[in-house]
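Residue numbers start from 1 in every chain, and the chains themselves are labelled A, B, ... in the order their sequence lines are given, proteins ahead of strands.
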Amino acid sequence: MGRVFFCPANMRKGSNVTTGKKFEAVDSKVDFIALEHSILGLWKDRDVVNRYLHRNDGASKKFPFMDGPITANNPMGVHHAWGRSYKDIFLRFRNMQGYAQRFQNGFDGQGLWVEVEVEKEKGFKSKREIESYGIDRFVEDCKARVQMFSERISEQSKRLGYFMDWDNSYQTMSDENNYTIWLFLKRCADNGWLYEGEDVMPWCPRCGTGLSQQEIVTEGYQEIVHPGFFLKFPLLEREGESLLVWTTTPWTLVANVAAAVNKENDYVLVENTYTVNREERTEKIWLGAQRLHVLKGEHTVMETVKGSELAGWRYRGPFDEVPAQSKAKDAHRVLEWEDVGEEEGTGIVHIAPGAGAEDFRLGKENGLPIIAPLDDSGVYMTGFGFLDGRPVSEVNDDIFDDLKRKNVFYKVEKYKHRYPICWRCGTELVFRLVNEWFISMDELRPRLMEATRKMNWIPPFGEAREIDWLRNMGDWMISKKRYWGLALPIWKCADCGKFEVIGSDDELKVRAIEGWDAFAGNSPHRPWIDNVKIQCSGCGSTVSRIPDVGNAWLDAGIVSFSTLGYRHDRSNWEKWYPAKWISESFPGQFRNWFYSLITMSVALEGQPPAENVFSYALMRDEKGEEMHKSKGNAIWFEEAAEKMGVDVMRWVYSRHNPASNLNFGYGPGDDVRRQFLIPLWNIFSFFTTYAALDGWTVEQSLLNQKAGTPPSDELTELDRWIISETNLLIERVTEYMEGWRIEYAAQAIEQYVDGLSNWYVRLSRRRFWKSENDGDKIAAYSALHYCLTTLTRLIAPFMPFVSEQMWQQLTVGHDKNAPDSVHLADWPEADKSLIDEQLSRQTQLAIKLASLGRSARSQSRLKVRQPLAELLVEVRHDWEREALPVIERQLSDELNVKGVRDVTGKGGLLSYEVKPELRSLGPKYGKQLGDIRRLLGEADGAEIARLSESGQQIQLGEFTLEPGEVLVERRAAEGYAVATDGGYTAAVSTEVTPELRAEGIAREIVHIVQNLRKTAGLEISHRINLGIEAEGEIADALRTYTMYLIQETLASSFQLNYRVAGGTEETHDLDGGKVTVSLRRA
RNA sequence: GGGCCCGUAGCUCAGCUGGUUAGAGCGCUACUCUGAUAAAGUAGAGGUCGGAAGUUCGAGUCUUCCCGGGCCCA
C-alpha cells in the first residue's frame, strides 16, 4: 500500500471547523419511544420543520410532489402510516439533496363516505330523514366532520415524523377546488364529451344513489348466498313445451322481456318426470344439453338442436298479467346472445333490460322494450300487481308462492356467488334504469393511454394495469343523487331540454337572474347554490341547477390544477406542474385517483400529470390476514406509535418490497428493533462511552483536514476497509433511492450496520479499550466517528428520530458547520477515491475464513480464550493467497492464534477414509468384496474421495466402481481441527504447548476478574486493587503475565496469594487448580 | 373469456441484465463466546426453486404449455 492521504470530501468543509467539545457517554439501554417524544420537543423548540420546508426555496433544481388527498373521515391507521412514510422518506431524501419541493398535504372531504358516517352519527336511515333534518345542517355537519378529522390526522402525522406544511393543507371541499372542477366540466361540455344518459346502473337502495364502476370494484363484491330460482316459460307455438330458465334475482322476473340462448351450443328437449306434492308429473322441457343435471326426477332426451333453432320462439312470461308488462308481453321471444354460457343455470337466460346492465345492452341492440320496476329507494313502482309499493328486499317469498300458483315454478336451490354490495353501507345493490351524467371516453381514451405510457410506473406492471383499466372502462359517470359534494355546474332547462355548464363563480354571477344574493357568501354546495337560477339561452325560461352532486374522484383528480392556482396564478402553476412524482397504494387507485388525475390533466392540458408513480400493495396483519376492525386484528396508529415506536415502524416499511403485501405487526416490529435498531444504538453507545472516557474530540480526528494531513499508515487496513464500505454505502443508497428501490437502500444499510458492528467494532474493541492514547487509538476513533456521522445522515430520511439523537450527540457542537438538526444537513456524497474494491473483497475473505476458523475451533473443544499456535487455510484463488498477509492480523486477533499459514494446494489438512458401500456392492460382487475392501484400504484415500465426489468412476485394480459405491469419511489430520466449505478450508493446530497454556490461564483469570468487576458494580473506568490466591501452574502463569493482567483489569495494585480486605471475592475451580480472586475499587 | 401479479427451507421472504456448490430472518436443539450488544458465533438439520417440455456450454432466472393461489375487468 502506498501512502494515501485521507481527506474525505464530505468532511472537507474548511479548516478549524471543529471544537474541542467532549462527547457525552450514551447508555446502551434506551427507551426509543421516550426519545421520540423528546425529539419532537427539540424540533419544536428549534423550529426545525419550518426551516426544513424552506431550506431549498432558492434552489434551481426542483422535485415537485403532488400529494394525493387522504380521506378525512376517520383517524389514520397503520396502513395510512405506511403510505405516508414513503412520501416523507422520498421528500426528505430529495430535500437533503437540495431540491426545491412542495410540501402540501391534502385532505379529501366531499362525498358519500362522509355522508354515511354523519348519517350513522345522527341515526338516519334514509334520504327522507336527511331532508327533513335540513340539507344545510347536514352539509354543515359533513364539513365539521372533515375539519375534525383533518386536524386529527395532522396531529397523527406529526407524531409519525412526517414533515409537511401542516398549516397549508389543501381541502377538496374548498371553493377553489370546486370551481376548478367547474372549469374542467365546462371544457368537457365545450368538447361535446358531457352528456346525460339513460343506463342501468348498480344502485344502492339505502343510499338512494347509483354507484360508478370505480366504486363497485374496490371492496364492492361479497360472497352471498341467493336463492337460485328455476322456472318455466311456456312456449306459445309449441303446445306443452317450456323453456327452463334460472335466475338468482327473482325480483327482476316481473321485468322480464326476453330469453337468451347461445346459438353455438346444443339444446335438448327432454321428457321430465318428477314428483310434486306426492303427485307424479311429466313435462316437456327445453334446456342446455350440458345442464341436464339440474333436472329433478327422471328424464328422457327427445330432441337435440343448436341454440340458433330456438331463436324467435315466443313464450308466455311469468308476470304477463301486470299492467307494466303491457308493452312487453307480446314481444317475449328467444334471442341469440354470445355471452350465454354452459357453466351455470340452464343455458337459457332470462332478460330484463330494466334491471340488469348486460340485459340493458342486449335490449338496446335488439330494440326491446324496457321495464324499470324500482324507484330510487328500491321500492316497486305502481303497475307491478301485488309487488306495488313493496321494498325489493322483502319480496322473494311472495314471488316464490306466486310462481307456484301459476304452475311455472320448477325448483329453488341455494346459490353462492359474488354479488355487488354498497361499499359504504353493505347493502346489496340492485340494478336500476336511471338518468345520469357522463363524460364520454371515446375521444379521451387513446389520449389517456398515451399519457399513461409516458409515465414511469413503479412497480412497472402498474402501467399494464392502468392501460387495462382504460381499455375496459365505460364512460365516466360523474353524477350522484346526494347532498354533500361538488355541485355539478349543470343547469338544464325544464322547458326546452337544453343544458348549459357554468365554468366559474364569476360566470355564474353574470348569468344569475335570481337567487345570487341568497347564495353569495356561502360555499358552492347544496342547498345554497341551488338558489341561483339562470336564463335559458335557448328558450329564455328560468333554469335551475340539476340537483345532482359530483363523483368524489373529480374532487381528487383536479388537485394538480386547483392547488397550484391554475385559475388565478398561472406562473405558480407552471412552476410546479406536472409533478415529478405521486404516490398511492395501487390496488384501488388505478381506477380512482390515478385515473381521475390523468383524465383531468389530459383533458385540460393534454399531458400526463406526473412523471413517476410510486405505488405499493396492501397491508395485512402479521399472519398475512386482512386487517379488520371487527376481526380485532387492526392496529391503531397511536397504539403502534407508543408501543413499537415510529422509527421501528418506518423501518419495517422501508425494508419491505412495496410491490408485495406487507404483513405488519408487533412481531416484525420487534425483529427490527432487536436486529437493527439496538445493534445500531449499541455502536453509537460504544463510541460515545469510550470517546467520553478518553476525552477524544473531533479536533483529533485524522479524517479532518488540518495542518499536516495524516498519512494512511495511521489508519489500519480495518479502518480503511470500513471507510471504503461507508462510501460504497453512500453510492448504493443514493442510487437505490433515486431509482425508487427503497427496500434495497434499507437492506444495504442493514448489511453495512451488521459489518460495522460484527466486524469493525468487534475487531477494534481492544484498540479502544487499551489505556495508552496512541495513534492507533486515534485512528480508530476517527474512523468510527466518520462512519457514524455519515450513517446518521443516510438513515435520517428513514428514521428521523434516532438519527436526530445521534446527530445531536455526534456532530452538533463538535463540528461548527453542522446544522443543529440532521434534517437540515446535506445528503452525503461518496468519495470514490476512498472506495477500495480490492480491500472489500479481501475483508469478505477474512470474514469467511474467520467463520470457518471459529467452526474449526468449536470442533477442537478448546475455548477461544486458549491461544493456539496457528491457523492453516486453503483458499481457491491466487488473489486470495496474496490477500492473506493483509488480513492475517484480523484473523489472528479474531481467532486467538499466533499466526496464519497458507497451505493451499499442499493438502494434508484432511485425511480421508474410504469404505465400500456394502448395500450396492454386495449383490453386485459377492465374494469379491473382500478383494475390493483390501484394495480400497491400500489405495490413496484422497484420490478416491476426489473421484467419487466429482462423479467419476473409480479404477481399483480389475474393478471399476461407480462414484456412489464408496463411502467417504473425512478426518482432520492429526493435531488439527478442520472446517471446510465451498473449497475453503480452515484448520487450527490443537496442540497446546506449556507456553500457550500459561497464556490461556492468564486470559482465563482476566476473564474471571472482569466478570467480578461487573458483579461488584464497578464502571469500566474504575481502577482496582486486586488479589489472587492460587498455586502451581496458575501461580506461575500469573507471575509470567502480571503486566498483562494489570493492564487488562485496570489494576492499580496486584498481589499474588493475597486477599483484598473488604473486597468482592469469588473462588473458581479451574483445570489447573483452585483460584480465589478478590478485588476492591482503588 | 381477457389483463396483471405470485408459487424458492416449517413460516416470512431475498435472489438485479442466465454463470462456481440457491441465501437471509424467524422458529427448534446443543454448544461456545462476551467489559459495546436486550447481542453475537458454531453446529444440527430442513429445498426434485409448483409441474412438464424447450432454448443454451450452462436455467431458480428466458420461452411455451399445464397446475395452484391472489387481484382486476367482462
Side-chain angles (χ1 to χ4, degrees), chain A residues 25-30 213 216-218 220-221 338-339 341 343 357-358 361 459-474 586-588 590-591 617-618 620 622-624 655-657 659-663 665 667-668 670-690 736 739 741 743-744 747 750-751 754 757-759 761-762 764-766 768-769 784 850-865 876-877 894 896 949 979 981-984 1006-1007 1009-1014 1018-1022 1048-1050:
Chain A
V26 171
D27 199 323
S28 66
K29 313 257 185 294
V30 56
Q213 228 177 324
I216 297 200
V217 285
T218 315
Y221 286 90
E338 59 194 12
D339 285 5
E343 291 79 37
E358 292 88 25
R361 268 192 291 281
F461 62 77
E463 180 182 316
R465 290 241 180 138
E466 188 65 47
I467 292 287
D468 185 50
W469 163 255
L470 292 173
R471 189 177 290 131
N472 287 303
M473 67 173 193
F586 57 63
F590 291 112
R591 59 195 161 265
L618 291 173
R620 296 286 161 83
E622 55 187 277
K623 290 182 201 136
R655 69 197 300 280
H656 178 76
N657 174 3
S660 62
N661 288 342
L662 169 60
N663 296 350
D670 211 44
D671 289 348
V672 159
R673 204 191 75 244
R674 284 189 300 117
Q675 281 168 43
F676 178 59
L677 212 49
I678 286 177
L680 172 68
W681 185 268
N682 281 321
I683 302 169
F684 169 55
S685 158
F686 172 84
F687 171 82
T688 54
T689 301
Y690 283 97
Y736 290 144
R741 302 304 304 262
E743 80 280 24
Y744 283 21
Q747 281 160 25
E750 285 186 3
Q751 274 172 29
D754 185 65
S757 173
N758 288 323
W759 195 252
V761 174
R762 183 183 166 93
S764 301
R765 272 179 301 184
R766 284 192 53 77
F768 293 94
W769 173 235
L784 188 52
S851 164
L852 282 173
R854 279 191 292 260
S855 173
R857 285 209 67 126
S858 119
Q859 283 165 43
S860 75
R861 320 295 298 171
L862 292 166
K863 293 184 172 185
V864 176
R865 273 196 296 277
R876 295 178 47 158
H877 303 289
E894 176 61 14
N896 195 16
E949 286 176 2
D981 177 53
Y984 295 88
V1006 167
H1007 173 65
V1009 174
Q1010 302 291 34
N1011 280 335
L1012 193 59
R1013 283 179 59 112
K1014 252 200 234 177
L1018 300 185
E1019 291 189 9
I1020 294 169
S1021 57
H1022 289 159
E1048 290 294 312
T1049 62
L1050 284 187

| To the nearest Å, how far apart are A:Glu894 CD and B:rU32 C1'? | 13 Å
| task | Classify the nucleic acid contact of A:Glu622 as base, sugar-phosphate or nothing, counting any heavy atom under 4.0 Å across all strands shown. | result | nothing
| query | If you find the nucleotide of RNA chain B closest to A:Arg741 and the one closest to A:Phe461, which residue's nucleotide is nearer the 5' end? | reply | A:Phe461
| request: Answer with base, sugar-phosphate or nothing: what part of the nucleic acid does A:Tyr744 contact at a heavy-atom distance below 4.0 Å? | output: sugar-phosphate
| query | For A:Gln675 and B:rU37, is the shortest distance between a side-chain N/O and OP1 or OP2 below 4.0 Å? | reply | no
| said: Once you apply a heavy-atom cut-off of 4.0 Å, does A:Phe684 come out as touching a base, just sugar-phosphate, or nothing? | reply: nothing
| query | Among the nucleotides B:rG35, B:rA36, B:rA14, which one has an atom lying closest to any side-chain atom of A:Asn657? | reply | B:rA14
| request: Scan A:Ser757 against the nucleic acid and name what it touches under 4.0 Å (heavy atoms): base, sugar-phosphate only, or nothing. | output: base
| query | To the side chain of A:Asn1011, which of B:rC4, B:rG35, B:rU37 is closest? | reply | B:rG35
| message | On RNA chain B, does the nearest nucleotide to A:Tyr736 precede the nearest nucleotide to A:Gln1010 from the 5' side, or the other way round? Give the residue. | response | A:Tyr736
| According to a strict under-4.0 Å criterion, is A:Tyr690 in side-chain N/O contact with OP1 or OP2 of B:rA36? | yes
| message | Over all strands shown, is A:His656 touching base, sugar-phosphate only, or nothing at heavy-atom distances under 4.0 angstrom? | response | nothing
| message | Measuring from the side chain of A:Asn758 (C-beta onward, heavy atoms only), which nucleotide among B:rA40, B:rC4, B:rG35 has the closest atom? | response | B:rA40
| note | Ranking B:rC26, B:rA36, B:rG35 by distance to the side chain of A:Asp671, first place goes to B:rC26
| message | At 4.0 Å (heavy atoms only), tell me whether A:Leu1018 reaches a base, stays on the sugar-phosphate, or touches nothing. | response | base
| field | Distance in angstrom units between A:Glu743 CD and B:rC16 P, rounded | value | 13 Å
| said: Using OP1 and OP2 only, check whether a side-chain N or O of A:Arg854 sits under 4.0 Å from B:rU32. | reply: no
| message | Using the ring pair (Phe, Tyr, Trp, His ring centres under 6.0 Å) criterion, which residues pair with A:Phe590? Sequence neighbours excluded. | response | A:Trp457, A:Phe594
| request: Side chain of A:Ile683 only, please: which of B:rA38, B:rU42, B:rA36 is the nearest? | output: B:rA36
| request: State whether the side chain of A:Thr1049 and the backbone N or O of A:Val1009 hold a donor-acceptor pair below 3.5 Å, judged by distance alone. | output: no
| said: Distance check needed: B:rA36 C1' versus A:Trp681 CH2, whole Å only. | reply: 13 Å
| said: Does a side-chain N or O of A:Ser660 approach OP1 or OP2 of B:rC5 to a distance below 4.0 Å, or not? | reply: no
| query | In whole angstroms, how far is the C1' atom of B:rC26 from the CG atom of A:Asp670? | reply | 11 Å
| task | With the side chain of A:Gln747 defined as its heavy atoms from C-beta on, choose the nearest nucleotide among B:rA36, B:rA38, B:rA14. | result | B:rA14
| said: Nearest to the side chain of A:Ser851, heavy atoms from C-beta on, is which of B:rU42, B:rA36, B:rU12? | reply: B:rU42
